[in-house]
Amino acid sequence: MQKTDSINVETTVNSGQVFLWNKIGEQWIGIDGQDIMILRQKPYNLKSSGNIDNFLRKDDDLEKILKNISIDSTVRGAIKQSPGLRLIRQDPFQCYISFVCSSNSSIQNIKSMLENLCRKFGIKKELGGYQLYTFPKVETLANATMKELLDCRLGFRAKYVKEAAKAVYSNKINFKDLRKSNYQEAVRSLKSILGIGNKIADCIALFSLDKLEAFPIDRWTQRILLKYYKDSFCDISEKPLTEKKYEKLHDDIVKYFGPYAGYSQQFLFKMERDLNKKSWL
DNA sequence: TCATCACCTGGAGA
DNA sequence: ATCTCCAGGTGAT
């Protein structure tokens with residue numbers, strides 16, 4: 001169990017894992033499923049209707065994990081740059097819908113789509129003097145009309161969100177089961193949903209299903225591999241990965257980075273986007 | 001199995 | 001102003 005002051009709230013919220021967060025003064029206020037959370041760095045005064053320790057994965061043995069992934073100077077540099085960065089254990093349904101919405105979009109636009117969904121389908125709750133809408137429940141989203149979803153500016157993702165929500169509602173996708181199953185099985189199951197490919201399945205597996213060997217390879221990660229790991233992994237280019245190449249590369253990555261590969265991805269992703277001055281929330 | 005291409009939308013840059 | 005291009009990808013052909 002790590003100390004709370006080893007976690008950097010600002011860095012962690014601004015690392016592309018979560019989208020429904022806003023900074024007000026010194027506090028970060030966000031939505032995780034049906035919970036509202038208020039985080040602040042100093043003093044470490046946290047308020048939530050949910051379990052913040054669980055959300056911030058305080059049960060992870062960071063010392064062990066960081067030691068395990070510190071296998072080259074690139075990762076060590078990335079960790080040194082954002083030592084307080086942590087993976088988050090999100091509400092699975094919110095994470096699943098969030099990353100279905102992420103396809104071919106920007107962080108700002110993803111955030112906007114999700115805020116629209118909450119406003120239209122969520123429940124207004126109050127915490128610490130703030131009122132905000134929770135994330136839509138499975139049933140609500142599964143029964144939403146296409147018009148309502150399109151009104152949330154989801155674009156071509158509207159039908160994916162609808163189908164994805166229906167799959168959970170009908171229990172075709174069961175997050176408790178996926179949490180128990182292994183990485184391969186969870187990804188295979190998620191990919192049976194329209195709109196979910198390898199990259200999005202990896203995000204859901206890593207950020208909400210405790211699959212720490214998931215290593216989402218997006219545009220940025222691919223650039224990172226090309227820039228720093230050209231010699232470690234064969235056949236890397238800037239061209240989009242085919243499904244087969246993604247899976248082969250992922251196998252090689254787990255062999256190289258180990259069982260906590262997902263943590264290394266998070267540090268590398270954060271480092272490279274900051275280096276390119278890309279904006280977060 | 002692989003290569004192309006289209007796809008909603010909003011913002012940035014020419 | 002208007003256009004083009006791109007953004008944490010994926011599905012159809």
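Treat the numbers as computed from the prediction; the structure is a model and nothing was measured. Heavy atoms only: backbone and side chains are in, while hydrogens, waters and symmetry mates are out. Quick note on labels: first sequence line is chain A, next is B, and so on, each numbered from 1.
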Q.
Taking the P atom in each of C:dG8 and B:dA3, what is the distance between them to the nearest angstrom?
A. 24 Å
Q) Any salt bridge between A:Arg57 and A:Asp210, counting N to O under 4.0 Å? A) yes
Q. Is A:Asp251 salt-bridged to A:Lys255, cutoff N-O under 4.0 Å?
A. no
Q: Kindly give the heavy-atom pair with the smallest separation between A:Ala142 and A:Lys166, and that separation in Å.
A: O-CG, 3.7 Å
(Q) Quick check for you: among C:dG11, B:dT9, B:dC7, whose closest atom lies nearest to any side-chain atom of A:Asn104? (A) B:dC7
Q | Out of C:dG8, C:dA7, B:dC2, whichever nucleotide has its closest atom nearest the side chain of A:Arg223 | A | C:dA7
Q) Do A:Trp21 and A:Phe55 have ring centres separated by under 6.0 Å? A) yes
**Q.** Aromatic ring proximity, centroids under 6.0 angstrom, A:Tyr256 and A:Phe215
**A.** no
Q) Is A:Thr242 near enough to B:dC2 that one of its side-chain N or O atoms lies under 4.0 angstrom from OP1 or OP2? A) yes
(Q) With a cut-off of less than 4.0 Å, is there a side-chain N or O of A:Arg153 near OP1 or OP2 of B:dC8? (A) no
Q. Dot-bracket for DNA chain B: what is it, with Watson-Crick or G-U pairs under 3.5 Å, [ ] where a pair crosses earlier ones, and | for a pair to another strand?
A. ..|||||.||||||
Q) According to the interplanar angle, ranging from 0 to 90°, do the rings of A:Phe156 and A:Tyr160 count as parallel (below 30°), tilted (30 to 60°) or perpendicular (above 60°)? A) perpendicular
(Q) Can you measure A:Asp151 atom CG to B:dC8 atom P for me and round it to whole angstrom units? (A) 15 Å
